[in-house]
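What's counted below: heavy atoms across the whole structure, side chains too, no hydrogens, waters or symmetry copies. Every chain is numbered from 1 and lettered A, B, ... according to where its sequence line falls, protein lines coming before strand lines. What you are looking at is a predicted structure, and each value in this text was computed from that prediction instead of being measured.
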Amino acid sequence: MTAPATVRTRFCPSPTGLVHVGLVRTALFNWAHARHAGGAFVFRIEDTDAARDTEESYRHLVDSLRWLGLDWDEGPEVGGPHGPYRQSERHDVYREVAAKLLAAGSAYESFSTPEEVEARRLAAGQDPKLGYDNADRYLTDAQKAAFRDEGRRPVLRLRMPEEDLGWTDLVRGEVRFTAGAVPDFVLVRANGAPLYPFVNPVDDALMGITDVLRGEDLLPSTPRQLALYAALADIGIGTGAPRFGHLPLVTGEGTRKLSKRDPQSNLDVHRERGFLPEGLVNYLALLGWAIAEDRDVFTPAELVAAFDVTRVSANPARFDLRKAEAINATHLRALPVEEFVERVTPFLAAVGLVADPPTDDQRRVLTAIAPLAQERMVVLSDAVDLLGFLFTDEVALDPGAVGKQLSGSGAVEVLDAASAALADLADWSTAEIEAALRTALVDGLGRKPRQAFGPVRVAVSGRTVSPPLYESIELLGRERTLARLSAARGAAG
RNA sequence: GCCCCCAUCGUCUAGCGGUCCAGGACGCCGCCCUUUCAAGGCGGUAGCACGGGUUCGAACCCCGUUGGGGGCACCA
């Protein structure tokens, strides 16, 4: 098999619900493979199941791909020479191809009902799981007519070849299924509706897809698709089968495939928490692939430059949220300040902390605190708890923090001393604030730094964990700081 | 049940016959730094599933066992 001149990959989800991270990983590898090869990435919507597909889900898919930065060269909202790219708009194409396949003898009409097939298997002492028994392969015209007279409508089945079917998988190497293992499968339903095993290869052939990267769960369906591609080529559609690469499954907590029921499988959950798209893309790429022996943080551009599908691992990969968060945190810290402010604003605005866009003053504070906040955050939504105190007049004191730092008379002493030290401070700067507090609390009161600054931190931020104290106080301003010190004094004791 | 895939630290992986008494990352545990929390620095913990071959030599190749997973629709 010679490599095609131009690589064309595709992502062809069905708009039936949430966007699964395993699905995203598949899209990502197809995208990276196409981009690396300088080829094309095609986006196609497989909405042939009217009962389950929704317009909302379709729009969500488009939006998710955009958010992730996986741009497509052909597909919905972009167009292209092989459209339409939604299968619900391609029924005429399928009808025509089905008719040609039937005329060529590659496909045939089958009248057996599932119940009849099962009954025959049972009668022969066989496992019904074996499926269809190819019984209708050589029906005469008279037999077909008789069935029609009974009011039966046939399904269209592909005649599977009597030979082993194998291919060289891009990630697994040689894979081979023995002849007869796959029964003649249904292309078109009795009601005329074309099925996925039919439309998927038809569109791939028509759209010139050269490389199919998909989940391992689809590996067992490859032999029948190989047979279909051959039959299609015979009637002048496409040039035979594309290259296949079956990606390892993404598993959840246990060893099972990550379930739709598992919250972690939902892309939106991560997006709403404030994962960066490049952080998630980085992590997802690590599920089955490595950029280098001693490195695992990289940008999408670096991924594209280095991606090689033949280096993808064949074993299942567990979705590990902790590692995903660690990778995301690294990307978060690497963000330039303006970029960070830009991205975090929607999360603060959503809870009313800042305006969107922020006011000049809010922007000033955000920009100043950004470097200190970035290295304390894992996801963007962390900013709400971490920075909220800077954007409200009165901070809510965390009960746990109050118990830890404001109980006992010592706290009152500290707060009073801090107030006195800051009340008339000439130069309201981080350095002066630190000097004044140290003089008053550490030297004056003889407190250890840990005991001295704990109560002040809680008073100012409401929490035991906050950005660095002196910087926070400076940004908060004298008035609010003194008010909080005094409010905390009321809660202390 | 049948078919197929997979098998290196708890997890994701590097390793593509000798440079491996197996490297990195996450996690975990220490120590340093330190106003909290992080970040950062240093150190540690832990793995080639088992059994046969092939070979001068195997984590790497072959076979088997065991274990795990996926698929067996007129759903995608």
Side-chain angles (χ1 to χ4, degrees), chain A residues 12-16 46-49 51-53 87 110 112-114 126-132 153-157 169 171-172 175-178 180-183 185-197 199-200 215-223 246 248-249 251 253-257 283 286-297 311 313-327 329-330 333 372-378 386 401 404-405 434 437-438 441-442 448-454 456-458 461 463-470:
Chain A
C12 50
S14 201
T16 57
E46 307 226 327
D47 52 351
T48 53
D49 186 354
R52 299 199 306 160
D53 300 321
Q87 292 186 330
S110 170
S112 295
T113 64
Q126 297 167 330
D127 186 345
K129 279 257 168 76
L130 257 24
Y132 176 66
R153 308 284 301 154
V155 298
L156 193 68
R157 289 184 187 272
D169 198 272
V171 345
R172 280 151 220 279
V175 181
R176 178 149 245 94
F177 285 75
T178 48
V182 187
F185 64 100
V186 177
L187 265 19
V188 181
R189 275 203 267 208
N191 68 5
L195 263 16
Y196 161 80
V199 299
N200 178 273
E216 186 193 345
D217 49 340
L218 290 169
L219 190 147
S221 72
T222 307
H246 288 91
L249 253 24
T251 68
E253 278 310 310
T255 47
R256 299 298 185 79
K257 184 162 77 163
Y283 176 66
L286 254 16
L287 260 25
W289 183 77
I291 194 167
E293 181 171 350
D294 55 358
R295 176 174 173 219
D296 59 13
V297 174
R311 309 267 314 167
S313 155
N315 33 339
R318 166 102 106 262
F319 185 88
D320 179 3
L321 188 60
R322 307 284 290 179
K323 175 131 184 177
E325 289 175 342
I327 296 285
T330 305
R333 288 196 297 276
L372 302 174
Q374 279 172 273
E375 66 184 29
R376 289 169 172 74
M377 292 167 53
V378 168
L386 189 67
K404 237 177 281 180
Q405 296 289 354
E434 171 172 7
L437 287 177
R438 278 193 184 280
L441 308 180
V442 179
K448 287 199 162 71
R450 186 173 292 268
Q451 275 81 48
F453 299 114
V456 179
R457 180 184 305 282
V458 173
S461 72
R463 308 167 73 239
T464 53
V465 173
S466 78
L469 186 57
Y470 320 124

Go through the structure and list residues passing side chain to side chain contact (heavy atoms under 4.5 Å, CB included) with A:V199, not counting sequence neighbours.
A:T48, A:Q87, A:Y94, A:P194

Rounding to the closest angstrom, what is the interatomic distance between B:A25 and B:C9 at atom C1'?
12 Å

Sequence neighbours excluded, which residues qualify as salt bridge (charged side-chain N to carboxylate O under 4.0 Å, His left out) partners of A:R463?
none

Using a 4.0 Å heavy-atom cut-off, does A:G288 contact any base of the nucleic acid, only the sugar-phosphate backbone, or nothing at all?
sugar-phosphate

For a 4.5 angstrom cut-off between non-hydrogen side-chain atoms, does A:L386 reach A:M377?
yes

Residue matched to B:C20 through Watson-Crick or wobble contacts both under 3.5 angstrom:
none

Mind checking side chain to side chain contact (heavy atoms under 4.5 Å, CB included) for A:D127 and listing every partner two or more places apart, or none if nothing turns up?
A:K129

Using side chain to side chain contact (heavy atoms under 4.5 Å, CB included) as the criterion, list what pairs up with A:T330, not counting sequence neighbours.
A:V297, A:R333

What's the CZ-P distance between A:R176 and B:C5, to the nearest Å?
11 Å

A:R52 and A:D47: CA distance, side-chain angles, deciding distance, salt bridge (charged side-chain N to carboxylate O under 4.0 Å, His left out) verdict
CA-CA 8 Å; A:R52 299 199 306 160; A:D47 52 351; over 6 Å; no

So what's B:A59 paired with, Watson-Crick or G-U wobble, going by both distances under 3.5 Å?
none

Check whether more than 12 heavy atoms from other residues, nucleotides or ligands sit under 6.0 Å from atom CZ of A:R295, and answer yes or no.
yes

Got a sec, which residues hit salt bridge (charged side-chain N to carboxylate O under 4.0 Å, His left out) with A:R318, two or more places apart in sequence or on another chain?
none

Could you give the distance separating B:A46 and B:G10 at their C1' atoms, to the nearest angstrom?
8 Å

Contact string for nucleotides 24-36 of chain B, one letter per nucleotide 5' to 3', B = base within protein heavy-atom range under 4.0 Å, S = sugar-phosphate only, - = neither, reads SBSSS------BB

In whole angstrom, what separates A:E253's CD from B:C12's C1'?
14 Å

Considering heavy-atom distances to RNA chain B, does A:L287 or A:V171 have its closest nucleotide positioned more toward the 5' end?
A:V171

Close N or O pairs between protein and nucleotides 58-62 of chain B (under 3.5 Å):
none

Letter per nucleotide, 5' to 3', of nucleotides 68-76 of chain B [B base touched, S only sugar-phosphate touched, - untouched; heavy atoms, 4.0 Å]:
SSBSB-BBB

Produce a footprint string for nucleotides 40-49 of chain B: one letter per nucleotide, 5' end first; B if the base is under 4.0 Å from any protein heavy atom, S if only the sugar-phosphate is, - if neither.
S---------

Sequence neighbours excluded, the answer for side chain to side chain contact (heavy atoms under 4.5 Å, CB included) partners of A:P114 is none

Ranking A:D127 and A:F319 by the position along RNA chain B of their nearest nucleotide, the one closer to 5' is A:D127

By side chain to side chain donor-acceptor pair (under 3.5 Å), A:Q126 pairs with (sequence neighbours left out) A:R121

note: A:R463, atom CZ; B:A38, atom C1'; distance rounded to Å ~ 12 Å

Those residues that, when tested against A:F185, pass ring pair (Phe, Tyr, Trp, His ring centres under 6.0 Å) (two or more places apart)
none

